[in-house]
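Every chain is numbered from 1, with letters handed out A, B, ... down the list of sequences.
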There are 2 protein chains.
Amino acid sequence: MAPKVTLREVADAAGVSTFTASKALNGGKGVSEKSCDKVLSVARQLGYVPNLAAQELRGAARNSVAVITAGTDNAYYLDMMNGIQKAAQAADQSVVLMDIAVKGAYSEELESRTVQRLLEARMSGVISTLTLRPESIARLAEWDVPIVFVDSTPPEGMGHLPSITTDNHGASLLVGEHLASFGYTDWMFLAYPDIWSSRRTREDGLREAAQRAGAQLQVVEAENSAKAACAALTEAMEARNERLPDVLITGNSPLLLGAMEAMSQLRIKAPDDMAIVSYDDFAWAPFVEPPLTVLDERAEEIGMRAARTLVQIISEQAQAIKAGDNAAPNYRKDLTQQVPVGLIVRRSCGHKGKETS
Amino acid sequence: MAPKVTLREVADAAGVSTFTASKALNGGKGVSEKSCDKVLSVARQLGYVPNLAAQELRGAARNSVAVITAGTDNAYYLDMMNGIQKAAQAADQSVVLMDIAVKGAYSEELESRTVQRLLEARMSGVISTLTLRPESIARLAEWDVPIVFVDSTPPEGMGHLPSITTDNHGASLLVGEHLASFGYTDWMFLAYPDIWSSRRTREDGLREAAQRAGAQLQVVEAENSAKAACAALTEAMEARNERLPDVLITGNSPLLLGAMEAMSQLRIKAPDDMAIVSYDDFAWAPFVEPPLTVLDERAEEIGMRAARTLVQIISEQAQAIKAGDNAAPNYRKDLTQQVPVGLIVRRSCGHKGKETS
DNA sequence: TGGTAACACCTAAACGTTTAGGTATGGCTG
DNA sequence: CAGCCATACCTAAACGTTTAGGTGTTACCA
C-alpha cells in the first residue's frame, strides 16, 4: 500500500508546505484548523509514519533508555524490569536491554562495546544493574548521557551519581538480629562476586551484625549461578569436615537454589541440621520445603523508582538544553535512595514459639 | 572533552574529505593505507562517535529488533529473553522490550500504539510472544517488517508467518498418558486466556488425551496471574462441592503458583487429595513440597531459535533489497519449528513404584 | 486612508551521514 | 608520446525531518 510516505508527500497532497504539515502533525500552533484537519486526514489516508531517525537527527529529544545487566537468570531482575518498563512507558521512553555477559560471565570487552553502541544510538539515558568501570562512566559523562544505578552503586569516588538500592546494610543487620535471637553464633555467608556492589554492603552489614551478636562469620564466594554455588558450598562444607555452621545466609536466589541442591546432595536438612536464610524474596519461597525465610527487596518498586529518577533527570536536562544551559545532567544529592527491606519470616531459619506461615 | 565531533570535523582534521573519512572508517576500499591510518588515529583522538540516526537516515541497515510481550511475571520469559539476547547479540542487533500490558492485563490500544512506535523507529524485525491482531500484522507487512512468533502462533489465515513453539499438542498427549497411567479419570485444566495461542493447542491436546484415556476434562479459565488463578480455582472447587478432581493441570507457572496457594488455603494436599502437574518447568520445581511434575519447554532454546530465525529473515531481506528485489520478507515454509518437550516426573502427580527425586 | 498587529503560511537552511559521478595523478602499453 | 586504466581522492546531492526568518493577507483602530 504505502510503504514509504514522506512528510513532503503528505504536504503536497494536502496542498500545503512541509512547514505547515509538520506543525499540524505535532499539534503546534500557527496553523488554521482547516489546514490542520486537512493534513491530518491526508496523513492518515496515505498511511504516513514519521521517521524517528530524521526527527532525531534534526535534534528531537532522544527516546530510549538502556538497561545494562550481566547474566540475569534471576527472577529478581524480571520484577525489576517490570518496574522499569512501567515507568519508562509512562514517560514515552523505549527500553533497550543490553546484557554484557558473554556466557553467563561478565565481560569487560563487551562492556566497552556496549557503551559504544549506546552512544552511537544516542540513547537518552542508562540504568545499570552493576557497577560499571570508571572508564565507561567517563565516556557517558563526556556525552552527557545520564546514568542511574539500580541495585548497585557507582564506582569509588563517583558518589554523586544517583543510585537506587535496597538498604543492604540495614537488611544485613535485620538478618543478624534475627539470627542472634535464635542463638546462632556460627554463620556462613555464600556470596556472589563483587562486580555487584551490593555484595560488599551486605557482607559488611553481616560482619557488623556478627560482631554485635558475638558470632563468627565465614564468607564463601561463588560465581553468580546456581551451579557454581552448589559446587562452592559443597567444597566449603567438605573443608569444614563434619562441623556444620548454625546458619547459611545466601546472597541471592540463584545462590540459594544452588545451596539447596548442595544440601540435598549432602543430606543436610534445614532448619534442623543448619538454618537457612536468603536475600531476595521470590514467588515460590513459601512453597519450598522448608518454607524460606527471606529478605524482601521489593524489586519492582526499585525498578520503578530508578526509571522515574532517570526520566526526571532526562527531562530536566532537556529543559536546560532548550534554555541554552549546560547540557551535563544535573545529579542532585537527593536522587539517591535506599529502599527499606522487610524480613519475611518463614520456617527455614528455625523454630521458636509461634511461626508465620 | 569532545561532546560532539562530526565526520566533517574528523575529515578536516585529517586533511581529507568526508568521503575519504567515511570510507576509511568503514574499512572500505579505494583509500590509501596512509590516509586510512591518519583518519583512524584522528578519529580516536577526537573521540569521534558516528551518529546512528544519520547513518540510518541515509539508508543503512536497521539494527534493533523488538520483543513484544504482555504482562510477563513469568520466569519462562526470562529464559526466553536470555536466548533471544544471545542470538541477537551475535547478529549485532539490539533488543528492545515492548510490553503491551497496561496493568498486567493485555491492552488493544497499547498494542496499536506500540506497533506505531516500532514503525517510527524503523526497527528491523519483531518477535512476538503472543498472537497479535491481524490489523497489527497487516501494518507490519505494509512496511515490510519481518515478524516471528514465539511460544504463540500467527492469527487465523496467516499460517505463512513463522512461529517457534513448543510441541504443545505433543506435550498434552504426553501429560495425558502419564495421567492415564495413574488411572486418573477426572481431570481439571486451569488455563490462561487465549490471546496466548498455546492455550488452544494445549487444551485440544488434553481433550484428545482425555478421550483416549476415557477421562473427563473440565476447563477453568483465569487471567494470567497467580492471584486470579487462586480465585478462579477456589471458586471452581466450591462449585464442585466436596468432589475433588483426580488431577489438576495448570497451564503455566504463575497459574500453578496461584493454584498452590488456593490448595494450601483449602487444605488440599498433593498428590494424595489431588495430583498436580503443570506446563513450564522452572528452577524451583524440584524443591517445592511436593516436588512438581512439569513439562520442560526449554524456553531459552526456543528464544534463541526464534531470534536466529528472525535474524536470518532480516539478512535475506537486506540482500534482496541490495539486489533491487522485492523488499517484502520472504517467509519460507521451513522456518516454522516445533520444539519437542520433555516430561519431568517428580512426585506431585502421584506415587507409583519407584519415583524420580 | 495609512499604520500596525496578528495570523497563516512559505522558503530554505540546517542535522550528520553515504555515495553517485567526476577529476586529477601516475604508470603501463603499443 | 598518445591512449588507456587504476587508483586515490573530491564535490555535491541526497535521506526526512524541524525551524529561523520572511512574506502575504486580513482585521482592527485612529
Write down the distance between [atom1] ([X]) and [atom2] ([N]), rounded to a whole number of angstrom.
X: L57(A); N: dT17(C); atom1: CG; atom2: P; result: 9 Å
X: N51(A); N: dT17(D); atom1: CG; atom2: C1'; result: 8 Å
X: D12(B); N: dG16(C); atom1: CG; atom2: P; result: 13 Å
X: E120(B); N: dT17(D); atom1: CD; atom2: C1'; result: 13 Å
X: L52(B); N: dC15(D); atom1: CG; atom2: P; result: 20 Å
X: L46(A); N: dG16(D); atom1: CG; atom2: C1'; result: 15 Å
X: Q55(B); N: dC15(D); atom1: CD; atom2: C1'; result: 13 Å
X: E56(B); N: dT17(C); atom1: CD; atom2: C1'; result: 12 Å

T69(A) and its side-chain hydrogen bond (donor to acceptor under 3.5 Å, both in side chains) partner, picked from D99(A), D151(A), T129(A): D99(A)
Nearest-nucleotide 5' precedence on DNA chain D, C36(B) against G59(B): C36(B)
Residue R8(A) excluded, over 12 heavy atoms near CZ under 6.0 Å: no
Under 3.5 Å between N/O atoms: give me all the protein pairs with nucleotides 11-14 of chain C, atom names plus distance.
from	atom 1	to	atom 2	distance (Å)
dA14(C)	N3	R58(A)	NE	3.2

Closest listed nucleotide, where the reference is the side chain of [X] and the choices are [options]:
X: S22(A); options: dT19(D), dC9(D), dG16(D); result: dT19(D)
X: T20(A); options: dC9(C), dC9(D), dG16(D); result: dC9(C)
X: S35(A); options: dC9(D), dG16(C), dA8(C); result: dA8(C)

Results of side-chain hydrogen bond (donor to acceptor under 3.5 Å, both in side chains) for S197(A) - residues two or more places apart only: T153(A)
K23(A): partners by side-chain hydrogen bond (donor to acceptor under 3.5 Å, both in side chains), with sequence neighbours left out: none
Phosphate contact (dC9(C) OP1 or OP2) by S32(A) side-chain N/O below 4.0 Å: yes
With sequence neighbours left out, what residues match [X] under salt bridge (charged side-chain N to carboxylate O under 4.0 Å, His left out)?
X: R308(A); answer: none
X: R113(B); answer: E109(B)
X: E9(A); answer: none

Sugar-phosphate, base or nothing in reach of V49(A), heavy atoms under 4.0 Å: sugar-phosphate
